[in-house]
A.B. asks: 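My structure is below; once you've seen it, I'll send some questions.
The first residue of the sequence shown is numbered 1, and numbering continues consecutively from there.
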Amino acid sequence: MIRDTWVLFRHNLRITLRQKVGMIFGAIQPLFFLVLFGPIFATFGTWEVLVPGLIIQLSLLSTGMAGFGVVFERRTGVLERMRVTPASRLALLLGRVLTNVVTLVVQVVLLVAIGYAFGLRAPAAGLLAGLALIVVLGTSMAALSYAIALTMDEQLFAPVMSTAVIPLALLSGSFLPMSMAPGWLDALSYVSPFRYAVEALRELFAGHYLTGTVLAGVVVTALFAVAGLAVGTRVFNRQAA
């Protein structure tokens, strides 16, 4: 299974690397917020608060739409041809998910690099820990995206997912901390795993590591990853068996 996953990962990664412009355009929206909204936000907040929120937004946009690739493959018959190969069904999923995660990491590094040019001063340890958290979060999101793409009408996937990203991003507090929101909205945001992730990232970017907020973010993100991979694997096994 490991060998199958590696082979499929390399194949998908080569295809992705041939579309470098697409990787950059995938990060355009958070970059716009960084460049055009960041200087305004910096007048009353800090870059260590804004950039983690934009990273979560980028994760939602990048891995949340990962399933669109499977929609295209199913439409063109590529997925049907994959069914007759000896590769395990889990490898077929993981090979795609790992490619999406690598793409996300490249986009996050680009976003952070530009953030440093504007004034971000997160410590190296916090950046590395935050990147590890994003890898786990991106893995679960990509797996769920594939599961949704395989169970939903292919014409509905793109509009439904692009619409779902908006409330998820807003409830996470990616633009402004939810502590600034009215009580009912603040309480509602706790149902989103992305709130815990963004708050943990902000702590890490501020150089705070052994805190309850970081622990909550790690635990919730890990549980979300387990659930996402479980759902993705089950759906992929059923649809691609």
Side-chain angles (χ1 to χ4, degrees), residues 27-64 104-105 107-138 140-141 144 162-225 228:
I28 284 294
Q29 185 171 322
L31 285 174
F32 278 153
F33 275 104
L34 180 68
V35 175
L36 302 179
F37 176 65
I40 300 173
F41 184 88
T43 61
F44 60 88
T46 67
W47 293 99
E48 289 74 29
V49 171
L50 177 63
V51 174
L54 296 181
I55 290 174
I56 293 297
Q57 181 193 5
L58 176 59
S59 301
L60 284 166
L61 290 170
S62 182
T63 56
L104 175 61
V105 168
Q107 293 171 332
V108 168
V109 169
L110 174 63
L111 182 65
V112 168
I114 297 176
Y116 263 93
F118 276 89
L120 175 67
R121 292 298 178 265
L127 289 175
L128 292 175
L131 190 60
L133 189 68
I134 288 301
V135 165
V136 177
L137 185 67
S140 55
M141 272 301 297
L144 280 175
S162 58
T163 301
V165 162
I166 297 174
L168 287 174
L170 293 174
L171 286 176
S172 72
S174 60
F175 298 103
L176 293 171
M178 292 307 296
S179 58
M180 300 174 65
W184 66 270
L185 188 57
D186 183 33
L188 179 63
S189 71
Y190 279 104
V191 303
S192 169
F194 302 101
R195 167 168 183 162
Y196 301 90
V198 74
E199 290 184 346
L201 272 181
R202 283 171 174 153
E203 286 282 283
L204 292 171
F205 275 42
H208 306 146
Y209 308 116
L210 302 178
T211 69
T213 300
V214 172
L215 177 61
V218 170
V219 170
V220 171
T221 301
L223 292 174
F224 183 60

A.B. asks: Can you give me the closest heavy-atom contact between Ile56 and Ser172, atom names plus distance?
C.D. replies: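 Where Ile56 meets Ser172 most closely, the heavy atoms are CG2-OG, 4.1 Å.
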A.B. asks: Tell me whether the rings of Phe118 and Trp47 are parallel (<30°), tilted (30 to 60°) or perpendicular (>60°).
C.D. replies: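 Tilted: the ring planes of Phe118 and Trp47 meet at 30° to 60°.
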A.B. asks: Going from CG on Leu58 to CG on Leu54, what distance comes out if it is rounded to the nearest 0.5 angstrom?
C.D. replies: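 The CG atom of Leu54 is 9.0 Å from CG of Leu58, to the nearest 0.5 Å.
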A.B. asks: Would you check if Arg202 and Pro177 make a side-chain contact, meaning some heavy-atom pair closer than 4.5 Å?
C.D. replies: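 They are in side-chain contact.
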A.B. asks: Got a second to check how far Arg121's CZ is from Phe205's CZ, nearest 0.5 Å?
C.D. replies: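 Atom-to-atom, Arg121:CZ and Phe205:CZ are 13.0 Å apart.
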A.B. asks: Per the side chain to side chain contact (heavy atoms under 4.5 Å, CB included) rule, which among Leu201, Val219, Leu204, Leu133 passes with Val214?
C.D. replies: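 Only one option passes, and that is Leu204.
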A.B. asks: State, to 0.1 Å, how close Glu203 and Thr211 come at their nearest heavy-atom pair, and which atoms those are.
C.D. replies: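 Closest pair (atom of Glu203, atom of Thr211, distance): OE1-OG1, 3.2 Å.
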A.B. asks: Counting C-beta onward and ignoring hydrogens, is there a side-chain heavy-atom pair between Leu171 and Leu185 closer than 4.5 Å?
C.D. replies: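 With C-beta onward as the side chain, the pair touches.
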A.B. asks: Please answer whether the main-chain N or O of Tyr196 pairs with a side-chain N or O of Tyr190 as donor and acceptor at a distance below 3.5 Å.
C.D. replies: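 No; judged by distance alone, with no hydrogens or angles, the pair does not exist.
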A.B. asks: Measuring from atom CD of Gln107 to atom CD1 of Ile55, what distance do you get when rounded to the nearest 0.5 angstrom?
C.D. replies: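 Output value for this atom pair is 11.5 Å.
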A.B. asks: Specify whether Phe37 and Phe41 have parallel, tilted or perpendicular ring planes, treating 30° as the upper limit for parallel and 60° as the lower limit for perpendicular.
C.D. replies: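 Ring orientation, 0 to 90° scale: tilted.
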A.B. asks: Nearest heavy-atom pair of Tyr116 and Pro123: which atoms, and what distance?
C.D. replies: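 Shortest heavy-atom separation between Tyr116 and Pro123 comes out as OH-N, 4.4 Å.
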A.B. asks: Arg195 side chain to Leu188 main-chain N or O, any donor-acceptor pair under 3.5 Å?
C.D. replies: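 Not a single qualifying donor-acceptor pair exists.
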A.B. asks: Heavy-atom distance under 4.5 Å between the side chains of Met141 and Phe194, does that happen here?
C.D. replies: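 In contact.
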A.B. asks: Ser174 vs Gln57, test: side-chain hydrogen bond (donor to acceptor under 3.5 Å, both in side chains). Steps then yes/no.
C.D. replies: CA-CA 7 Å; Ser174 60; Gln57 181 193 5; 5.5 Å; no
A.B. asks: Could you report the tightest heavy-atom contact between Ala200 and Gly217, atom names first, then the distance?
C.D. replies: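 Nearest heavy atoms, Ala200 then Gly217: CB-CA, 3.8 Å.
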A.B. asks: Quick one: does Phe33's side chain get under 4.5 Å of Leu111's, heavy atoms only?
C.D. replies: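 In short, these two side chains do not touch, never coming nearer than 4.5 Å.
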A.B. asks: Supply the atom-to-atom distance Leu137 CG to Leu104 CG, rounded to the nearest 0.5 angstrom.
C.D. replies: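 The CG atom of Leu137 sits 8.0 Å away from the CG atom of Leu104.
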A.B. asks: Looking only at heavy atoms, what is the nearest atom pair of Leu127 and Ala122, with distance?
C.D. replies: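 For Leu127 versus Ala122, the nearest heavy atoms are CD2-CB, 3.8 Å.
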A.B. asks: Are the side chains of Leu210 and Leu215 in contact, using a 4.5 Å heavy-atom criterion?
C.D. replies: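 Not in contact.
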A.B. asks: Measure the spacing between CG of Leu31 and CG of Leu36 and express it to the nearest 0.5 Å.
C.D. replies: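 With rounding to 0.5 Å, CG (Leu31) is 10.0 Å from CG (Leu36).
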A.B. asks: How close do Val136 and Ala225 get, counting heavy atoms only, and between which atoms?
C.D. replies: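 Heavy-atom minimum between the residues: CG1-CB, 3.6 Å.
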